[in-house]
Amino acid sequence: MKIQQLHRWDVTYREAVSIQHGLKEKLVLHDEDFPEQITTIAGADISYSTQSDLFFAAVVLLAYPAMEIIEETCVTQRASFPYIPGLLSFREGPAVLEAFEKLQSVPDVVIFDGQGIAHPRGMGLASHMGLFLDVPSIGCAKKRLVGVHGKVGHVVGDYADLLLDDHVVGAAVRTKNRVKPVFISPGHKIGTRRALDVVLSCCRGYRLPEPVRQAHMTVNRKRLKGVSLDDFMTKQKTGFE
DNA sequence: GCGACAG
DNA sequence: ATCTTGTCGC
């Protein structure tokens with residue numbers, strides 16, 4: 001699929017923060033643009049190499065609600081931005097977008113392994129990517145970045161609103177009985193309630209919803225397979241020859 | 001100064 | 001995120 005808009009990725013901490021403030025104004029946080037019926041859903045994830053600064057990014061497209069894999073893409077890149085809480089998209093964004101460019105079809109909605117608007121500046125990875133891809137997106141993080149929430153019941157489906165400055169920016173959701181909840185927040189072109197329903201309808205007995213779980217398995221599969229070095233070297237050569 | 005801090 | 005051994009529970 002094609003990327004709608006872009007900005008430079010070789011930025012300083014200061015510039016990155018400024019960019020996030022500007023992008024926040026463009027987010028659509030309601031369901032009006034969300035399709036009545038969705039047929040496909042995608043998940044994206046990253047896997048880092050230990051002995052090098054290379055890492056993998058994969059996108060897996062699944063049929064909805066069957067959760068059967070339709071297509072998957074994977075790319076490898078060299079990390080060019082450090083990991084800084086709140087600026088994750090500047091580290092993983094470039095690779096994630098490259099993986100989406102290789103995807104043939106356009107998913108109805110995408111789930112990312114990170115925050116959506118439950119972010120210091122309302123621009124988490126899921127929101128940033130959803131905006132650039134111009135597609136509905138949802139943030140599904142395994143840990144909290146910002147906000148507060150009450151107790152979460154321990155049955156699948158139970159949840160507690162995630163509050164940031166008296167505003168609901170997402171929810172802590174139980175996706176598997178007795179297992180630590182995940183943090184769901186709207187990315188782009190979707191509201192909290194709908195985001196929550198979509199994620200829960202994608203869970204199949206594991207803590208992570210299928211799209212993200214499959215993407216996670218794909219990147220790890222590729223990394224352990226050691227294809228990293230070969231792929232990267234090939235890409236370097238073709239750039240000169 | 002101290003604690004918090006997506007992946 | 002990644003590394004890493006055993007261990008508790010269904």
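By convention in this document, chain letters (A, B, ...) are assigned in the order of the sequence lines, proteins followed by strands, and residues within each chain are numbered from 1.
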Below 4.0 Å: OP1/OP2 of [N] and any side-chain N or O of [X]:
X: A:Arg223; N: C:dC3; answer: yes
X: A:Lys142; N: B:dA6; answer: no
X: A:Ser47; N: C:dA1; answer: no
X: A:Thr50; N: C:dC3; answer: yes

Between the base of B:dG7 and the ring of A:Tyr83 - centre-to-centre under 5.5 Å, planes within under 30° - is that a stack?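 Stacking between A:Tyr83 and B:dG7: present.
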Between [N] ([atom2]) and [X] ([atom1]): distance, integer Å:
X: A:Asn220; N: C:dC3; atom1: CG; atom2: C1'; answer: 13 Å
X: A:Arg121; N: B:dC5; atom1: CZ; atom2: P; answer: 16 Å
X: A:Leu224; N: C:dA1; atom1: CG; atom2: P; answer: 14 Å
X: A:Tyr13; N: B:dC5; atom1: OH; atom2: C1'; answer: 11 Å
X: A:Phe56; N: C:dT2; atom1: CZ; atom2: P; answer: 11 Å
X: A:Lys143; N: C:dA1; atom1: NZ; atom2: C1'; answer: 8 Å
X: A:Tyr48; N: C:dA1; atom1: OH; atom2: C1'; answer: 6 Å
X: A:His149; N: B:dA6; atom1: NE2; atom2: P; answer: 13 Å

Could you walk me through whether A:Arg221 and A:Glu72 satisfy the salt bridge (charged side-chain N to carboxylate O under 4.0 Å, His left out) test, starting with their C-alpha distance in whole Å, then the side-chain angles of each, then the deciding distance to 0.1 Å, before giving a yes or no? CA-CA 13 Å; A:Arg221 188 184 308 146; A:Glu72 58 179 52; 3.6 Å; yes
Tell me which nucleotide among [options] gets nearest to the side chain of [X].
X: A:Arg144; options: B:dA4, B:dG7, C:dT2; answer: B:dA4
X: A:His216; options: C:dC3, C:dA1, B:dA6; answer: C:dA1
X: A:Asp113; options: C:dT2, B:dG7, B:dA6; answer: B:dG7
X: A:Glu92; options: B:dG7, C:dT2, B:dC5; answer: B:dG7

So, A:His7 versus A:Phe90, ring centres under 6.0 angstrom or not?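 Yes - the distance between ring centres of A:His7 and A:Phe90 falls below the 6.0 Å cut-off.
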Ring centroid separation for A:Tyr159 and A:His149, is it under 6.0 angstrom?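 That pair fails the under 6.0 Å test.
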A:Glu210 vs A:Tyr64, side chain to side chain donor-acceptor pair (under 3.5 Å): CA-CA, chis, key distance, verdict: CA-CA 10 Å; A:Glu210 286 305 296; A:Tyr64 186 95; over 6 Å; no
Assign A:Ile46 to base, sugar-phosphate, or nothing according to its heavy-atom contacts below 4.0 angstrom with the strands shown.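 No contact.
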Indicate, with a heavy-atom threshold strictly under 4.0 Å, whether A:Gly86 touches base, sugar-phosphate, or nothing.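 A:Gly86: base contact, heavy atoms under 4.0 Å.
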Neighbour count above 12 (heavy atom, 6.0 Å) for A:Gln5 CD: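 Yes - once you tally the heavy atoms of other residues, nucleotides and ligands closer than 6.0 Å, there are more than 12.
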